[in-house]
Number of protein chains: 2
Amino acid sequence: MAARPTSKTSKSSDKVSVICRALRRAVIEQALEPGAKLPEDALGERFGVSRTIARHALGQLAGEGLVELRRNRIAVVATPSWQEARDAFDIRIELERLVVRQLAGKLTKSQIAELNAHVDAEHRARGGTDAVSIRLATEFHILLAHMTNSPILVRYVSEVAYRCCLTLSLYSRPHSSECAISEHRAIIAALAKGDEAKVTELMRHHLDSVANRALVAPVPQRGRDLLDILAPYADAVTGDRVVKLPRAARR
Amino acid sequence: MAARPTSKTSKSSDKVSVICRALRRAVIEQALEPGAKLPEDALGERFGVSRTIARHALGQLAGEGLVELRRNRIAVVATPSWQEARDAFDIRIELERLVVRQLAGKLTKSQIAELNAHVDAEHRARGGTDAVSIRLATEFHILLAHMTNSPILVRYVSEVAYRCCLTLSLYSRPHSSECAISEHRAIIAALAKGDEAKVTELMRHHLDSVANRALVAPVPQRGRDLLDILAPYADAVTGDRVVKLPRAARR
DNA sequence: TCCGCTGAAAGTGCATGCAATTGGACCGTT
DNA sequence: AACGGTCCAATTGCATGCACTTTCAGCGGA
């Protein structure tokens with residue numbers, strides 16, 4: 001549909017982009033949990049490139065919010081705070097409402113078929129691992145975004161969707177993705193009928209329930225990051241730096 | 001408000017970020033027009049760093065959509081198509097409505113004072129160059145986003161606002177920013193009053209009129225990019241590549 | 001046993017070097 | 001003139017090397 005003189009944003013088969021795609025996928029399949037270390041040499045060796053390239057890829061992913069880059073320290077997969085996760089979902093809701101609003105009644109038959117096929121795949125993957133279910137569910141939303149033919153919208157929806165995946169590993173309890181699948185079907189139906197008001201409401205409700213299923217507790221009690229928890233208090237003690245902690249979080 | 005153990009996204013005084021900030025600013029002040037070339041060595045020399053760093057910065061900006069990176073070619077400031085510009089404004093409207101919705105009735109006195117001070121500065125800059133007016137107007141929106149205390153929202157609003165600036169150089173005619181200033185004041189007033197419905201409507205209207213002032217004609221008749229215009233047709237002629245053009249667009 | 005110190009190992013920050021690609025001036029042919 | 005080919009300067013793609021910072025295991029003292 002769009003021209004591809006130099007294939008703008010899509011599939012640039014740059015070594016950097018290859019690494020980015022691989023890492024993104026590892027993140028949404030939760031093979032890489034938040035906080036996982038990403039040393040440049042290890043990445044470089046794994047992908048057969050030099051540190052320079054691995055570093056560049058990490059920079060890109062940091063820009064997307066998937067990776068946290070701390071000066072002179074090993075990069076890690078980002079660990080969004082509960083509030084950040086909530087914010088991400090809020091933004092996602094607005095963006096995806098925009099997506100379906102633009103799409104309502106404008107989809108071709110083959111596009112609708114493609115969407116249905118994707119949801120069929122989600123259905124079939126029901127018995128498999130959570131990782132695959134989550135990936136497929138996320139890809140459904142990205143597929144929708146693609147159909148708007150708006151590169152910017154694709155980028156933002158993808159980014160924020162990945163970020164949301166990240167929070168699943170952190171704050172979610174084991175969930176049934178069953179309802180999500182039927183909600184996807186409902187959205188497709190409303191899109192096909194061209195009912196703009198209904199489909200935006202469906203999407204809002206869908207993402208809202210995903211968020212509520214994911215962000216169960218406002219308390220990130222998962223043991224990691226004692227230091228971060230204490231950081232706000234540290235300001236009250238000394239102005240410039242966190243005091244040394246008596247032997248705590250490891251790894 | 002937030003802790004700053006390693007100062008997460010803000011002001012990382014990385015050499016890379018310094019270059020990024022400088023280039024972003026040059027873009028929003030239209031010192032760098034869309035299509036302007038950005039050779040790595042030139043940047044490196046200008047900022048006193050090596051090509052490696054300049055390259056890294058370009059990668060970041062490409063991720064933000066401000067720069068276009070073509071393999072083996074000199075990077076250039078992005079030239080969004082008219083449709084992309086329209087999409088950017090659509091997204092921006094939704095994002096900024098979210099901003100003011102979160103902010104309505106929640107601003108402290110000092111924050112309101114800060115906003116008013118900023119608009120005062122916009123007013124004073126009225127007589128100066130367009131560049132400064134545009135920058136200040138943009139920074140008003142980013143300042144609002146900052147007050148949500150949501151790093152993600154800040155990032156997206158900033159990015160999309162920069163992109164919108166980019167389109168001003170391309171598709172806008174000389175404009176009076178006078179009305180924009182009074183609209184900014186109206187938004188502040190509605191925020192202070194806590195009238196959520198009104199402020200979201202004000203913001204929608206404000207951005208919509210900015211967009212309409214900016215995107216006057218759906219036809220990018222500015223001579224550049226003959227090749228891009230023909231690209232869709234080229235597919236019909238030869239499957240793999242655009243045929244050579246008989247001496248046309250230069251530079 | 002617990003704490004703090006210290007030095008080596010691991011890792012990042014960045015510049016530089018080399019191969020490969022591109023753009024364009026030059027030049028001969030039609 | 002217009003076209004097509006050739007060569008060289010400009011520029012990117014990427015790996016490597018070196019300096020500096022962080023981490024942590026081992027060690028000695030309380």
Side-chain angles (χ1 to χ4, degrees), chain A residues 5-7 11-20 23 35-63 67-77 224-228 241-251, chain B residues 5-8 11-20 23 35-63 67-77 224-227 241-251:
Chain A
T6 44
S7 116
K11 291 274 177 194
S12 49
S13 111
D14 232 324
K15 302 192 182 186
V16 173
S17 334
V18 170
I19 299 181
C20 284
L23 290 185
K37 293 183 182 178
L38 301 169
E40 295 174 358
D41 341 347
L43 286 179
E45 190 176 0
R46 182 67 189 77
F47 288 97
V49 297
S50 81
R51 267 201 324 122
T52 307
I53 305 305
R55 180 185 185 73
H56 204 83
L58 288 173
Q60 294 295 310
L61 294 171
V67 160
E68 236 164 277
L69 241 38
R70 305 108 91 210
R71 188 173 178 89
N72 281 320
R73 316 264 316 266
I74 301 179
V76 294
V77 176
R224 59 177 78 256
D225 273 348
L226 172 58
L227 202 143
D228 276 357
R241 215 59 187 130
V242 174
V243 289
K244 200 159 194 179
L245 289 183
R247 179 160 308 251
R250 183 60 49 94
R251 195 237 125 142
Chain B
T6 44
S7 117
K8 215 162 200 176
K11 290 277 177 190
S12 50
S13 110
D14 234 325
K15 301 192 182 185
V16 173
S17 335
V18 170
I19 300 182
C20 284
L23 290 185
K37 293 182 182 179
L38 302 169
E40 295 174 358
D41 347 354
L43 287 179
E45 190 176 358
R46 183 67 190 76
F47 288 97
V49 297
S50 81
R51 269 203 318 124
T52 307
I53 305 304
R55 180 184 186 74
H56 204 85
L58 287 174
Q60 294 295 310
L61 295 171
V67 159
E68 237 164 278
L69 241 38
R70 307 108 92 208
R71 190 175 174 89
N72 280 320
R73 317 265 316 268
I74 301 179
V76 295
V77 176
R224 58 177 80 257
D225 272 347
L226 172 58
L227 203 143
R241 216 58 189 133
V242 175
V243 290
K244 202 156 192 181
L245 288 182
R247 180 160 307 250
R250 184 59 49 96
R251 193 235 130 118

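The chains referred to below are lettered A, B, ... by the order of the sequence lines, with proteins before strands, and numbering in each begins at 1.
Exactly one of B:I74, B:T52, B:L58 qualifies for a side chain to side chain contact (heavy atoms under 4.5 Å, CB included) with B:E40. That residue is B:L58.
In terms of heavy-atom proximity, A:G59 sits nearest to A:L69 at CA-CD2, 4.1 Å.
With D:dA15, D:dC24, C:dA15 as the candidates, the nucleotide lying closest to the side chain of A:K37 is D:dC24. Comparing D:dT12, C:dA15, D:dC14 by their closest approach to the side chain of B:D41 singles out D:dT12.
A straight line from CD of A:E40 to P of D:dA15 spans 13 Å, rounded to a whole angstrom. Protein atom CG of B:N72 is 12 Å distant from nucleotide atom P of C:dA20, rounded to whole Å. As rounded to whole Å, 21 Å separates atom P of C:dA20 from atom CD1 of B:I74. Distance A:R51 CZ to D:dT16 P: 11 Å, rounded to the nearest Å. When rounded to the nearest whole Å, the span between CZ of B:R70 and P of D:dT11 equals 13 Å. The CG atom of A:D14 sits 9 Å away from the C1' atom of D:dG13 (whole-angstrom rounding). Rounded to an integer number of Å, the gap from A:L43 CG to C:dT12 C1' is 13 Å. The distance between atom CZ of A:F47 and atom P of D:dG13, rounded to the nearest whole Å, is 20 Å.
Note that the CG atom of B:L43 and the OG atom of B:S50 stand 11.5 Å from one another [nearest 0.5 Å]. Between the NE2 atom of A:H56 and the CZ atom of A:R51 there is a distance of 14.5 Å, given to the nearest 0.5 Å.
Annotation: of the two residues near DNA chain D, B:T52 and B:L38, the 5′-most nearest-nucleotide partner is B:L38.
A close approach under 4.0 Å does not occur between any side-chain nitrogen or oxygen of A:R73 and OP1 or OP2 of C:dT12. A sub-4.0 Å separation between OP1 or OP2 of C:dG13 and a side-chain N or O of A:R55 is present.
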